[in-house]
2 protein chains.
Amino acid sequence: MELYHLRTFVAVAEEKHLTRAAERLFTSQPAISAHIKALEETLGVTLFDRTPKGMRLTPVGEELLPRARQALAAASAVMQHAKGLQDELIGSVRIGLNTDARFLRLTALQAGLAAHYPRLEVAMLTGSTGTNLPAVRVGKLDAAFVTGEIDDPSLSVCFLCDEPLVIGAPASLREQISSTEVAELARLPWVYTSPDCSHFAAMRAIFEAHCCEPTRMLIANQEDALVEMIRAGVGLGIVRAGVFAADEQAYELPVALPSVPLQFVYQRKRENDPLIRAVMHQLCAVWEIAPPDALARQAG
Amino acid sequence: MELYHLRTFVAVAEEKHLTRAAERLFTSQPAISAHIKALEETLGVTLFDRTPKGMRLTPVGEELLPRARQALAAASAVMQHAKGLQDELIGSVRIGLNTDARFLRLTALQAGLAAHYPRLEVAMLTGSTGTNLPAVRVGKLDAAFVTGEIDDPSLSVCFLCDEPLVIGAPASLREQISSTEVAELARLPWVYTSPDCSHFAAMRAIFEAHCCEPTRMLIANQEDALVEMIRAGVGLGIVRAGVFAADEQAYELPVALPSVPLQFVYQRKRENDPLIRAVMHQLCAVWEIAPPDALARQAG
DNA sequence: TTCGCCCGTTCGGAAATTGTGATGGCGTCG
DNA sequence: CGACGCCATCACAATTTCCGAACGGGCGAA
């Protein structure tokens, strides 16, 4: 028994004529006849009395009709519910963070996602560039903010902005910093970041260029920890420009550092995943950038 | 969308493997794959995530699964309900009566039908042989009791018993009845039956044999009316033997009359109608006769 | 009564759908 | 790094479904 048997059953019961039911169902009358016959055989009952004027439901057919309608309605409910769901994202998305919420404009992103996809659970999970990248690769995260150049063909990368870096110094060390020569700065205590942080690469770049090695004091791979260490006077460190804008405990040294790009990454193979597309769409709106080709292709 | 799509959907969701679902459904894995693909296309949603380990429901699939189960259950309910109905008679049967209930053994018939077909509504409708026959022919009655020989090829006839007929006379006329000569009796007042009654034929037969015509006093085509008229002294009449067995107001004359057969008729073309078969089955049990060939063929 | 009409059934052949087995890509596990 | 398991795809075969035509029965009009 298939749904078309039931559809035909109901149509014939309502039209009371095979011919009219066939017209309603856009098929031929013998086809309808066969449907009814097959249904009657599988059910083992007689659904209609054949009269010269048409088809009349038997008492058994009368009793079965509402159930058939119910089955059709249930099937229709599946379709209808699917239609309602087909452009709606449900489930959850996990986004890895690598720095503070304001800089990443998280509230705007969250607002955009919540407005367009009210049933989507958004998880924004603290982390760092170094922890985010493998998490995205293995699927623990759907997407993540990272800094620095990414050279992984399995990942799609969306450039958001350049982060100018500066050397931050605690106010307590101001007197010991007589010049901004790298070689001299290297002799002071430094708060390191872990090697998987893009700031680490920037740091290495400048010191290697001057053939010197800074004094390691501490490693912090969480940005606010790094900032707090510097403000506490533990040592110098590389931070995003503006972090110490109106800070009394730390200040920025006027040393030219290369900037690193803030980027958003996700698995390239999920380029067309509606979830990724939706997140990217909102992200691009928040950052006022054009969506990548892969996104623009289909989405409005 | 058809039911097999939903069946496959549920099977795959439960087995989490196309291959295993294919085994469960006794088909091949590509077929299952095609079902899911087609269903996803018609619904416009992705139901499963394809992983190297198998199929995992997406949140959308998770949400649709219970509805699909519900639709399958509804379809299954149609089948199950039909199975329950397939040997059960529902609706109503209309049986025409032509004489009193006790003689027709109606209570036993009703009891048998009610016991075997509790949902069958039985209507036993008063009438006479003359009114019952055309009613059966045009379908106003499903079957009827009649008396007398029936010669209609469109009707099936089942013989039940012979009704011995007698001439009933009111006690008040006893003194005027000096002999049982037909010629003499004909001069007395008679309560006639209408021409469509088998008693009428019996009456005509005896008077024609003696070349005389009875005196008509009244016509009654309902048997109890006839009986009451005789008892009230209106005249003589032909009744079933035994009607006046212990009656003080009427008695039976010792005149030899031919007996007429009590029969049960229904449309021949409905010989295999389950309703007719059921009624005949019960009827034959009540009357302790062998069912006709057409009945014995299939029914137990 | 007979003719014409309407309706459902049946039949053979055509068309569409569905199913099958083999193949390939992809990822994982030993 | 090779073997295995899983799903997607393809060409082709089997089945089902569908269609047009012819048939038979019942009804109503002439």
Side-chain angles (χ1 to χ4, degrees), chain A residues 1-9 11-42 46-58 61 134 136-140 152-155 267-273, chain B residues 1-9 11-42 46-58 61 137-140 153-154 267-273:
Chain A
M1 187 182 73
E2 290 298 333
L3 283 178
Y4 69 88
H5 290 124
L6 299 181
R7 279 190 277 265
T8 299
F9 172 37
V12 173
E14 287 174 358
E15 299 286 353
K16 299 185 170 59
H17 288 267
L18 288 195
T19 315
R20 267 185 260 162
E23 284 172 16
R24 190 213 276 196
L25 298 174
F26 303 105
T27 181
S28 69
Q29 178 267 332
I32 299 299
S33 180
H35 291 177
I36 297 297
K37 185 179 178 183
L39 184 59
E40 287 184 329
E41 260 172 42
T42 64
T46 302
L47 297 171
F48 293 96
D49 280 332
R50 276 71 166 172
T51 80
K53 294 179 194 164
M55 310 281 279
R56 202 182 56 242
L57 275 172
T58 62
V136 170
R137 282 197 200 93
V138 303
K140 285 189 175 177
D152 186 331
S154 76
L155 297 182
Q267 292 184 353
R268 180 176 300 280
K269 68 181 178 188
R270 294 183 67 187
E271 256 175 358
N272 289 314
D273 185 324
Chain B
M1 186 181 75
E2 290 298 334
L3 283 177
Y4 68 88
H5 290 124
L6 299 181
R7 280 190 276 265
T8 299
F9 172 37
V12 172
E14 287 174 359
E15 298 287 353
K16 298 186 172 60
H17 289 267
L18 289 194
T19 316
R20 263 185 263 161
E23 284 171 16
R24 190 213 276 195
L25 298 173
F26 303 104
T27 181
S28 67
Q29 174 265 327
I32 299 299
S33 180
H35 291 177
I36 297 297
K37 185 179 178 183
L39 185 58
E40 287 183 329
E41 262 172 40
T42 64
T46 302
L47 296 171
F48 292 97
D49 280 332
R50 277 70 168 174
T51 79
K53 292 178 192 163
M55 310 281 280
R56 202 183 55 242
L57 276 172
T58 62
R137 284 198 197 94
V138 302
K140 285 188 175 178
S154 75
Q267 291 184 353
R268 181 176 299 280
K269 67 181 180 188
R270 295 182 66 185
E271 256 175 358
N272 289 313
D273 185 325

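So you know, we letter chains A, B, ... as the sequences are listed, proteins then strands, and number each from 1. Hydrogens, waters and symmetry mates are skipped; everything else that's a heavy atom, side chains included, is used. Given the structure is predicted, the values throughout are model-derived calculations rather than measurements.
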*Whole-Å distance separating the NE2 atom of B:His17 from the P atom of D:dC4*: 18 Å
_CZ-CG distance between A:Arg56 and A:Asp49, expressed to the nearest 0.5 angstrom_ = 5.0 Å
*Taking CG from B:Leu57 and P from D:dC7, how many angstroms apart are they, rounded to a whole number?*
13 Å
_B:Tyr4 side-chain N/O to C:dG19 phosphate OP1/OP2 under 4.0 Å_ = no
_Value in whole Å for how far the P atom of C:dG19 lies from CD of B:Glu2_ = 12 Å
*Can a salt bridge be assigned to the pair B:Arg268 and B:Glu271 using a cut-off of 4.0 Å between side-chain N and carboxylate O?*
yes
*Taking only heavy atoms on the protein side, list every residue of residues 26-41 of chain B lying under 4.0 Å from any atom of DNA chain D, sorted numerically.*
B:Gln29, B:Pro30, B:Ser33, B:Lys37
_Gap between atoms CG and P, on B:Leu3 and C:dT18 respectively (whole Å)_ = 13 Å
*Under 4.0 Å between a side-chain N or O of B:Thr51 and OP1 or OP2 of D:dC6?*
no
*Closest heavy-atom contact between A:Arg24 and A:Glu15?*
NE-OE2, 3.0 Å
_Phosphate OP1/OP2 of C:dT9: any A:Arg50 side-chain N/O under 4.0 Å_ = yes
*asked:* Looking at A:Thr19, I'd like to know whether one of its side-chain N or O atoms comes within less than 4.0 Å of OP1 or OP2 on C:dC6.
replied: no
*Can you name the residues that form a salt bridge (Lys or Arg N to Asp or Glu O under 4.0 Å) with B:Arg7, not counting sequence neighbours?*
A:Glu2
Grab the N/O contacts between the protein and nucleotides 27-30 of chain D below 3.5 Å, and write none if there aren't any.
none

*For the side chain to side chain contact (heavy atoms under 4.5 Å, CB included) test, which of A:Leu18, A:Thr19, A:Thr8 pairs with A:Ser33?*
A:Leu18
_From CE of B:Met55 over to C1' of D:dA8, roughly how many Å is that when rounded to an integer?_
10 Å
